Amino acid sequence: MKITFRIEYRTNWGESVGLTLGGNDGRLIMLSTSNGIIWEGTCEIEIPAGGRPLLYRYGIYRDGNCIRREQGAMPHCIPSTKKKTLELSDSWRDAKRVAGTAVPIFALRSEGGFGIGDFGDLKRLIDWAVMTHQGAVQILPINDTTITGTWTDSYPYNSISIYAYHPQYIDLRQLPALKDEELAKEFEAKRLKLNALLKIDYEEVNNTKRAYLRAIYKQEGKKILSTAGFKTFFDNNSEWLRPYAAFSVLRDRYGTPDFTQWAEHSVYKADEIEAFTDKKSPEYDDVAYYYFIQYELHIQLLDASNYAREKNIILKGDIPIGISRQSVEAWVEPFYFNMNGQAGAPPDPFSKNGQNWGFPTYNWDVMQKDGLKWWLKRFRKMAEYFSAYRIDHILGFFRIWEIPMHSVHGLLGQFSPALPMSPQEIESYGLHFQKDFMTKPFINEELLQKSFRPEFLEFVKSVFVVNVHHDIYEMRPEFNTQRKVEAYFKGKNGDNDVEIKEALYALISNVLFVPDHKNPNLYHPRICAQNDYIYTRLQGYEKDAFNRLYVQYFYHRHNQFWYEEAMKKLPRLIDATQMIVCGEDLGMVPDCVPWVMNQLQILSLEIQSMPKNPAHEFGVLSEYPWRSVCTISSHDTSTFRGWWEENKEITQRFFNNVLHRWGEAPEKATGDIVKQIVSEHLKCPSLLCILALQDWLGIDENLRYPEAAAERINVPANPRHYWRYRMHISLDKLMTEYAFNEEIRQMIDNSNR
């Protein structure tokens, strides 16, 4: 196709305009001008097969180098057309601020749904966004998480593939109808029952939808897999699709995704899996079933994606920071990961013991040797469907909180990479380094009495600890790690058992320093050690020395080091596509993080209840950077209404000092309070204001769910949280709430978004 590009942009002397196709490192097309204002260029372009969009973005060049790029709300898209020639006239101006909605796809509800949201419902959500003058829709990860086949798979950040999508998101309405009328009636009865539920029944929904998919595959599979569309999809995706399908079949056969337990193929060998997935293989029918599912998911997601582009809606995806240690990637490419470590996060106000996600950490040294190929493929695949993406825990590209395999909590972790301290350096702060006292759990009679109720004390002393001298104890060898303690209490879930187990975990983490995982003769100060008993055993001058060391280590020592680590990775990954890049930069944020995000033009995340300026109790909306995403709540926090009810004293200060209202704060956030906070967020400087659907609904006291606590999606402190939140009204009903929708339209229009 022959395309002429035309854009009006006033350049400075010595500058020229060009555009890149398909990503910032894609094909460069330079434009020419006769007056320094109107820039034009003509070229031949091949439109991608399979209905995939071709995106492009303009940039300013000097001496052949790009000095700045267009910062539009989304890249330009070459429309699908049968014409042989095409003229495109674009504008380049400061991006208009955009309002949007964040909601997991699984939480969507429609009258024709199957008890869980699907890709068809995503199009309905886009229609609602258009109706209310929004410009963005943000979702959570949608990758396949099928590990146990139980509700624990509802956690969307623990996927078995970075490419494959979860079968639960297939819109069954878009598949051919079942010809077996009796079977069709049975499924319809189950659909009505599941769709009437207030919350998701993850196991029943997935078992029923998979049974339906098996029936459709048996009826239509060969026909669908013989189409030109599937063949194109297979050719473009076979590199990941064949291992994923083989992994899924083997998982089903052995009843576990733990490939180390498989009798055959426990170690991935490309030639064996090629034979396993060959059309002549006896397993091919089972393999092709997973091809069929992924193809249908691709068609439906691409359709929703193209629909969003047509409606000028930014569809924003989510890239999890970790992968499951029982995943296709861990099986196929184990050299990219440190399987002997666990990724997590240090303690924060929501999780006093830190978070242990259980994911293996990345072997960045190996990844960088091949130019980050693993990540580049992942980002480019995502760009087929999304105009923007959220990097979950962007801090992981600077450093990750790595927890030893013997730990359950996150307190004994250390940043990786990091610069550990020698005993000599520790002593240079005025703290005499005592290895046994400072690096091994300090347990004495006083601590045992403080940690355990009297009725448990003798049991703990006789089973878990041993007296070594005077009033000093140590953990018995069979219980000297948290994992060993966890194993002892497996299946014992009574309140007393949990209380004793958690107290034993705390004994084991009662140290001042943890050994470096690479060099045990070097040490890291234990995070939040000041909260533990061992810190109270220090003299005053020792506490002062430890605090100086602690502040230097955690807040100053690594800034340049971590800046350089991030700049080895992020620039190339960001340049791989033209998607808008947003970073989840909450938590224990080093000073170097905003340096990198500003330099690479990554949008930060701003939440008023989690201010980044320690001088403020609440974020100041007017101070939010333009290059940011602001929101009121996230999937990991309570909604605004839920937050309002959690701490009366904090709520009262917010009521008086932020909302500037007199008197006593009401027990529950009224509709007008929610409307005020939404309106103020819409007017803030942030480029994107993306609010949780629950916070939008909170404006209307007749429309919102009666109980605020029921709107919460996740509780990070609970590693076994059931992700089952659903909209309490259908999208169909929401579209007919004309007064509410008009209210949102006016608020967005009045905010100039």
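Keep in mind the model is a prediction, meaning the values are calculated, not measured. What you see below is based on every heavy atom in this structure, not just the backbone, and it leaves out hydrogens, waters and symmetry mates.
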Looking only at the aromatic ring of each residue, does the gap between the centers of [Y] and [X] stay below 6.0 angstrom?
X: W643; Y: F654; value: yes
X: F398; Y: W595; value: no
X: F337; Y: F359; value: no
X: F464; Y: Y488; value: yes
X: F452; Y: F459; value: no
X: F546; Y: F513; value: yes
X: F397; Y: W375; value: yes
X: Y553; Y: H558; value: yes

Output yes when [X] and [Y] qualify as a salt bridge under the 4.0 Å nitrogen-oxygen rule, no when they do not.
X: R453; Y: E499; answer: yes
X: R641; Y: E711; answer: yes
X: E486; Y: R483; answer: yes
X: E606; Y: K612; answer: yes
X: K373; Y: E333; answer: no
X: R653; Y: E617; answer: yes
X: K450; Y: E446; answer: yes
X: R325; Y: D258; answer: no

- From CA spacing to verdict: side-chain hydrogen bond (donor to acceptor under 3.5 Å, both in side chains), Q482, H406: CA-CA 6 Å; Q482 292 180 345; H406 59 68; over 6 Å; no
Any side-chain donor near an acceptor of the partner, [X] and [Y], under 3.5 Å:
X: H524; Y: D516; value: yes
X: D370; Y: Y336; value: yes
X: Y563; Y: Q599; value: yes
X: H393; Y: Y157; value: no
X: Y533; Y: N444; value: yes
X: S633; Y: D695; value: yes

- For E680 and K683, what are the C-alpha separation, side-chain angles and deciding distance, and is it a salt bridge (charged side-chain N to carboxylate O under 4.0 Å, His left out)? CA-CA 5 Å; E680 290 177 358; K683 293 175 182 176; over 6 Å; no
- Query: Which heavy atom of P141 sits nearest a heavy atom of P320, and at what distance?
  - Reply: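 Of all heavy-atom pairs spanning P141 and P320, the closest is CG-CG, 3.6 Å.
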Should we say atom [atom1] of [X] is surrounded by more than 12 heavy atoms from elsewhere, each under 6.0 Å from it?
X: N519; atom1: CG; answer: yes
X: K435; atom1: NZ; answer: no
X: K501; atom1: NZ; answer: yes
X: E455; atom1: CD; answer: yes

[atom1]/[X] to [atom2]/[Y] distance, rounded to the nearest 0.5 angstrom?
X: N467; Y: E474; atom1: CG; atom2: CD; answer: 9.5 Å
X: L512; Y: D532; atom1: CG; atom2: CG; answer: 9.0 Å
X: L605; Y: S634; atom1: CG; atom2: OG; answer: 7.0 Å
X: N521; Y: S422; atom1: CG; atom2: OG; answer: 10.0 Å

- Message: Let's go through E329 and R378 carefully: what are the C-alpha distance in whole Å and the side-chain angles of both, what is the deciding distance for salt bridge (charged side-chain N to carboxylate O under 4.0 Å, His left out) to 0.1 Å, and is it a yes or a no?
- Response: CA-CA 11 Å; E329 284 72 36; R378 185 179 188 183; over 6 Å; no
Between [X] (side chain only) and [Y] (backbone N and O only), is there a donor and an acceptor less than 3.5 Å apart?
X: D392; Y: I321; value: yes
X: T361; Y: G341; value: no
X: Q342; Y: P404; value: yes
X: R526; Y: S509; value: yes
X: N510; Y: I534; value: yes
X: R476; Y: V465; value: yes
X: N338; Y: Y362; value: yes
X: S451; Y: L448; value: no
X: K484; Y: P477; value: yes
X: T631; Y: I690; value: yes

Minimum side-chain heavy-atom gap [X]-[Y] below 4.5 Å:
X: R572; Y: L376; value: yes
X: I426; Y: M438; value: no
X: L447; Y: F442; value: no
X: F379; Y: I319; value: yes
X: R712; Y: T639; value: no
X: I508; Y: T481; value: no
X: S638; Y: E646; value: yes

- Message: Parallel, tilted or perpendicular: which one describes the rings of W401 and F554, with boundaries at 30° and 60°?
- Response: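 Tilted.
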- Task: Take the angle between the ring planes of H721 and W723 and call it parallel below 30°, perpendicular above 60°, tilted in between.
- Result: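 Rings of H721 and W723: perpendicular, over 60°.
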- Apply the test side chain to side chain contact (heavy atoms under 4.5 Å, CB included) to residues L504 and F489: give CA-CA distance (whole Å), side-chain angles for both, the deciding distance (0.1 Å), then the verdict. CA-CA 11 Å; L504 289 169; F489 284 95; 3.9 Å; yes
- Task: Could you check Y722 against Y155 for ring-ring contact (aromatic ring centres under 6.0 Å, His included), going step by step and ending with a plain yes or no?
- Result: CA-CA 7 Å; Y722 193 168; Y155 176 47; over 10 Å; no
- Query: Step by step, would you call F479 with V463 a side chain to side chain contact (heavy atoms under 4.5 Å, CB included)?
  - Reply: CA-CA 9 Å; F479 299 112; V463 176; 4.1 Å; yes
